[in-house]
A.B. asks: 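My questions all concern the structure below.
Keep in mind the model is a prediction, meaning the values are calculated, not measured.
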Amino acid sequence: MDVTIINPFLSACENAFKSMFNLVPDHKAPYILDVIANRHWEISGLLGLTGDYSGVIAFRLHTVLANKMLEISGVPINSPEEKEDMARQLVSEFTNIIGGNAASAITHKNINISPPVVVTGKDHSISWPRNYPVVAIPFVTQFGPFEVDVCLK
């Protein structure tokens with residue numbers, strides 16, 4: 001796994017948390033994700049990559065953290081349904097910002113990033129490519145954990 005491709009996504013994620021929400025995430029040791037195991041995440045923002053590398057990047061978190069991000073952003077909410085919808089939109093936009101900032105930092109490779117897709121639901125799963133490892137980088141904030149998962153060819 002090429003750290004010159006992975007690190008810009010991690011830096012973009014950390015910088016976005018700091019600048020948008022005034023939260024400083026603390027990253028833990030990366031590990032190889034067991035794609036069969038249940039991950040217990042409730043929201044995943046997904047980006048597809050093509051070009052010199054192809055694969056998937058996932059920003060995964062719990063509803064509690066997504067709701068706190070929404071609260072900090074100051075978006076007015078009128079109903080529980082609207083809150084759920086706005087949290088999904090926020091995760092989508094946050095994922096898009098991470099992807100755009102990371103792609104801008106990767107100047108030595110041709111990388112194209114798809115628009116984000118958000119998957120929700122307790123214990124949802126992602127169908128990862130079977131022939132490539134998924135590197136998971138866990139983070140912790142004062143409002144809960146999140147993870148950046150990277151699978152590249």
A.B. asks: Would L61 and M69 count as a side chain to side chain contact (heavy atoms under 4.5 Å, CB included) if you check the C-alpha gap in whole Å, the side-chain angles of each, and the deciding distance to 0.1 Å?
C.D. replies: CA-CA 11 Å; L61 66 162; M69 292 164 65; 3.9 Å; yes

A.B. asks: How long is the straight-line distance from NE2 of H124 back to CD of E42, given to the nearest 0.5 Å?
C.D. replies: 9.0 Å

A.B. asks: Before giving the answer on ring pair (Phe, Tyr, Trp, His ring centres under 6.0 Å), spell out for F94 and F21 the whole-Å C-alpha distance, their side-chain angles and the decisive distance to 0.1 Å.
C.D. replies: CA-CA 11 Å; F94 189 77; F21 307 109; 5.8 Å; yes

A.B. asks: To the nearest 0.5 Å, what is the distance between CG (L23) and CG (L65)?
C.D. replies: 7.5 Å

A.B. asks: Quick one: CG on N15 to CD1 on I97, what's the gap to the nearest 0.5 Å?
C.D. replies: 12.0 Å

A.B. asks: What do the steps show when you test V119 against I126 for side chain to side chain contact (heavy atoms under 4.5 Å, CB included), and what is the final call?
C.D. replies: CA-CA 9 Å; V119 178; I126 296 172; 5.7 Å; no

A.B. asks: With rounding to the nearest 0.5 Å, note down the distance linking OG1 in T63 to CD1 in I43.
C.D. replies: 4.5 Å

A.B. asks: So do the side chains of D85 and Q89 get within less than 4.5 Å of each other, counting heavy atoms only?
C.D. replies: yes

A.B. asks: Name the atoms and distances for all side-chain donor-acceptor pairs under 3.5 Å in residues 144-153, with sequence neighbours left out.
C.D. replies:
{"from": "E147", "atom 1": "OE1", "to": "Y31", "atom 2": "OH", "distance (Å)": "2.6"}
{"from": "E147", "atom 1": "OE1", "to": "R39", "atom 2": "NH2", "distance (Å)": "3.3"}

A.B. asks: Sequence neighbours excluded, which residues qualify as side chain to side chain contact (heavy atoms under 4.5 Å, CB included) partners of S19?
C.D. replies: none

A.B. asks: Closer than 3.5 angstrom, by distance alone: can the side chain of S73 be matched with the main-chain N or O of L70 as a donor-acceptor pair?
C.D. replies: yes

A.B. asks: What is the ring orientation for H62 with W41, classed by angle as parallel under 30°, tilted 30 to 60°, or perpendicular over 60°?
C.D. replies: tilted

A.B. asks: Does V140 offer a backbone N or O that forms a donor-acceptor pair with the side chain of D26 under 3.5 Å?
C.D. replies: no

A.B. asks: Using 4.0 Å as the upper bound for N to carboxylate O, is an ion pair formed by E84 and R88?
C.D. replies: yes

A.B. asks: Would you give the length of the straight line joining atom CD1 of I98 to atom CG of L10, rounded to the nearest 0.5 angstrom?
C.D. replies: 9.5 Å

A.B. asks: What I want to check is whether the side chains of E71 and N67 have a donor and an acceptor closer together than 3.5 Å.
C.D. replies: no

A.B. asks: Around N110, counting heavy atoms of other residues, nucleotides and ligands shown, do more than 12 lie under 6.0 Å from its CG?
C.D. replies: yes

A.B. asks: Can you tell me how far apart CD1 (I137) and NZ (K28) are? Round to the nearest 0.5 Å.
C.D. replies: 14.5 Å

A.B. asks: Quick one: do V56 and L47 satisfy side chain to side chain contact (heavy atoms under 4.5 Å, CB included)? Show the steps, please.
C.D. replies: CA-CA 6 Å; V56 178; L47 295 170; over 6 Å; no

